[in-house]
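Report on one structure; see the data block that follows.
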Amino acid sequence: MSEILVLVDHSDGVRKPTLELLTLARRLGEPAAVFLGRCAESDVEALGSYGARKVYVADAPEFDDHLVTPAVDALARLAGACAPAAVLVPSSLDGKEIAARLAVRLGSGLIIDAVDVEAGPEGPVTEQSVFGGAYQVKAHVTQGVPIIVVKPNAVTPEPAEVTPVVEQITVELSPAAAVKVVSRVPRERSDRPELTEADIVVSGGRGVNGAENFALIERVADALGGAVGASRAAVDAGWYSHSHQIGQTGVQVSPQLYIATGISGAIQHRAGMQTSKTIVAINKDADAPIFELADYGVVGDLFDVLPQLLDEIGKRA
Ligand code: FAD
């Protein structure tokens, strides 16, 4: 069976999107994780628990202090050496750039932001939403090694314990890239899950009507163990930080559950959330477009509905 290369997303350990990619890779062939940087034993164990039969490790300072080119060098070298049936890359800003550059290097087809991947007669078949979410398409790559960027939450990670073979590789790196990272400042973090990786996202829009009222959205998110999102109208009004904006010009999320409160459902907002598995909308206007894509809708004032929701969650906690 051919290998499926999975680029490992790691910082303080292997991150959840990698476990999702390994779960998908098992449908396509033999998962082989590509770990760039210092790989701890616990990282190898984490990768093995989700079915990575092999872990390729390349460690060099360049993976840390240069932008994406060293990762492209490593993946290109491996793609040449082991002829994988596909390369799966997590959908981060870096991931997308690495995948795009790799596709150019290998002369391969590239699929960005798949929300599902299945084995097909002519290679992996992906599902993704295109044109701002107006269409769901199935696609497969017709040239070269398929390079597929997969959105977080495309699949629930399923454990499949194996003991991986670890292979250290040396990579001939391209001449020093023009840009070098000289320092890193960790982003301020809350205890809430990372927005792009969260299973549950609770979002507020213009209907929330003020920065102080976002405390209610946060309470619902915390009660459900979710992350907080916002529409651009709420962000532009200064009620919530831009890093939480969901949509075409913000973050794209695909959680198991997306709760949109006081959000009308403009096309640019949908572009960032409509691949969510279950969508709940709370809006006082029964004709709001968000109800067209909601699985469950509540027509009502969010300041009446959310406290009741919190009560119900509390009873079940
Ligand atoms: P509105 O459209 O004003 O809707 C507010 C909703 O709240 C209404 O439906 C109303 O009925 C409801 N409401 C009011 N009070 C209550 C209440 N008490 N209880 C319940 N419901 C209530 N938008 C994004 O979100 N993300 C993007 O990335 C994005 N990118 C854009 C890029 C471009 C190039 C452009 C042109 C626009 C972009 N927009 C984006 C903006 C987008 O077009 C909308 O203007 C925006 O999404 C509207 O936000 P909203 O739904 O919160 O506000």
Side-chain angles (χ1 to χ4, degrees), residues 91-93 95-96 112-113 115 128-136 149 151-153 187 192 194-198 200-224 226-255 257-313:
S91 178
S92 57
L93 283 179
K96 285 181 189 169
I112 293 277
D113 278 349
V115 292
Q128 76 250 59
S129 116
V130 296
F131 297 133
Y135 296 91
Q136 286 288 113
V149 177
K151 268 192 172 184
N153 289 315
R187 189 157 39 103
R192 298 192 184 98
E194 193 68 29
L195 184 55
T196 50
E197 296 169 18
I200 297 175
V201 175
V202 185
S203 280
R206 205 193 302 272
V208 173
N209 200 25
E212 64 286 1
N213 296 335
F214 259 86
L216 181 58
I217 306 296
E218 289 178 339
R219 279 176 60 207
V220 177
D222 290 343
L224 293 168
V228 176
S231 73
R232 177 154 160 185
V235 167
D236 284 353
W239 300 343
Y240 223 68
S241 118
H242 174 68
S243 58
H244 293 258
Q245 181 183 314
I246 309 281
Q248 185 183 318
T249 44
V251 177
Q252 308 219 334
V253 296
S254 199
L257 173 64
Y258 186 85
I259 304 182
T261 63
I263 292 176
S264 59
I267 184 86
Q268 296 89 354
H269 186 80
R270 292 176 182 216
M273 46 63 77
Q274 69 177 0
T275 52
S276 307
K277 306 293 179 295
T278 301
I279 297 171
V280 175
I282 301 167
N283 196 303
K284 65 181 182 185
D285 175 7
D287 294 325
I290 192 79
F291 288 124
E292 290 164 14
L293 79 159
D295 298 286
Y296 300 94
V298 181
V299 179
D301 189 317
L302 68 94
F303 297 103
D304 293 333
V305 177
L306 291 184
Q308 293 178 54
L309 178 61
L310 278 168
D311 277 353
E312 288 299 325
I313 296 167

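As a basis for the values below, the full set of heavy atoms in this structure was taken, side chains included, without hydrogen atoms, waters or symmetry mates. Just follow the structure's listing: the first ligand is 1, and inside any ligand the first atom is 1.
- With Arg232 contributing its side chain and Gln268 its backbone, the two residues share no donor-acceptor pair below 3.5 Å.
- For atom 9 (O) of ligand 1, the closest heavy atom belonging to the protein is Asn283 ND2, 2.9 Å.
- Side-chain N/O atoms of Asp113 and Ser91 include a donor and acceptor closer than 3.5 Å.
- Numbered from 1 in the order shown, with element, the atoms of ligand 1 that lie under 4.0 Å from a heavy atom of Thr249 read 27 (C), 28 (O), 29 (C), 30 (N), 31 (C), 32 (C).
- Scanning the protein for heavy atoms near atom 43 (O) of ligand 1, the closest one is Gln268 OE1, 2.7 Å.
- Nearest protein neighbour of atom 2 (O) of ligand 1, counting heavy atoms only, is Ser264 OG, 2.6 Å.
- The closest side-chain heavy-atom distance from Thr275 to Gln136 is below 4.5 Å.
- Using a non-hydrogen distance threshold of 4.0 Å, Gly300 registers as a contact of ligand 1.
- Of the protein's heavy atoms, at least one falls inside 4.0 Å of atom 26 (N) of ligand 1.
- Of all atoms in ligand 1, numbered sequentially from 1 with element shown, those under 4.0 Å from a heavy atom of Gly250 are 28 (O).
- Applying the 4.0 Å criterion to heavy atoms of Ser231 picks out, from ligand 1, the atoms 25 (O), 49 (O), 50 (P), 52 (O).
- When only non-hydrogen protein atoms are considered, atom 18 (N) of ligand 1 lies nearest to Asp301 OD1, 3.1 Å.
- The one candidate from Ser276, Pro152, Ser254 that meets the side-chain contact (heavy atoms from CB on, under 4.5 Å) condition with Val115 is Ser254.
- At a 3.5 angstrom cut-off on N or O pairs, Ile246 counts as close to ligand 1.
- Nearest-heavy-atom check against atom 17 (C) of ligand 1 across Asn213, Asp287, Leu302 picks out Leu302.
- Using a 4.0 Å cut-off to heavy atoms of Gly205, the atoms of ligand 1 that qualify are 52 (O).
- Below 4.0 Å from some heavy atom of Ala266 lie the following atoms of ligand 1, by number and element: 42 (C), 43 (O), 44 (C), 47 (O).
- Nearest non-hydrogen protein atom to atom 6 (C) of ligand 1 is Gly262 O, 3.4 Å.
- With rounding to the nearest 0.5 angstrom, the CG atom of Asp285 is 12.0 Å from the CD1 atom of Ile290.
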Acceptor/donor pairs from residues 204-221 side chains to any protein atom, 3.5 angstrom cut, sequence neighbours excluded:
from: Asn213; atom 1: ND2; to: Val208; atom 2: O; distance (Å): 2.8
from: Asn213; atom 1: ND2; to: Asn209; atom 2: O; distance (Å): 3.0
from: Glu218; atom 1: OE2; to: Tyr240; atom 2: OH; distance (Å): 2.5

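- Remark: among candidates Gln245, His269, Gln248, Arg232, the nearest residue to atom 31 (C) of ligand 1 is Arg232, based on non-hydrogen atoms.
- Note: no N/O pair closer than 3.5 Å links Phe303 and ligand 1 by distance alone.
- Atom 48 (C) of ligand 1 has Ala233 CB, 4.0 Å as its closest protein atom, hydrogens excluded (heavy atom only).
- Between Ala223 and Leu310 the shortest heavy-atom distance is CB-CD2, 3.8 Å.
- Judged by distance alone, the side chain of His244 and the main-chain N or O of Val228 form a donor-acceptor pair under 3.5 Å.
- Looking only at heavy atoms of the protein, atom 21 (N) of ligand 1 is closest to Lys284 N, 3.1 Å.
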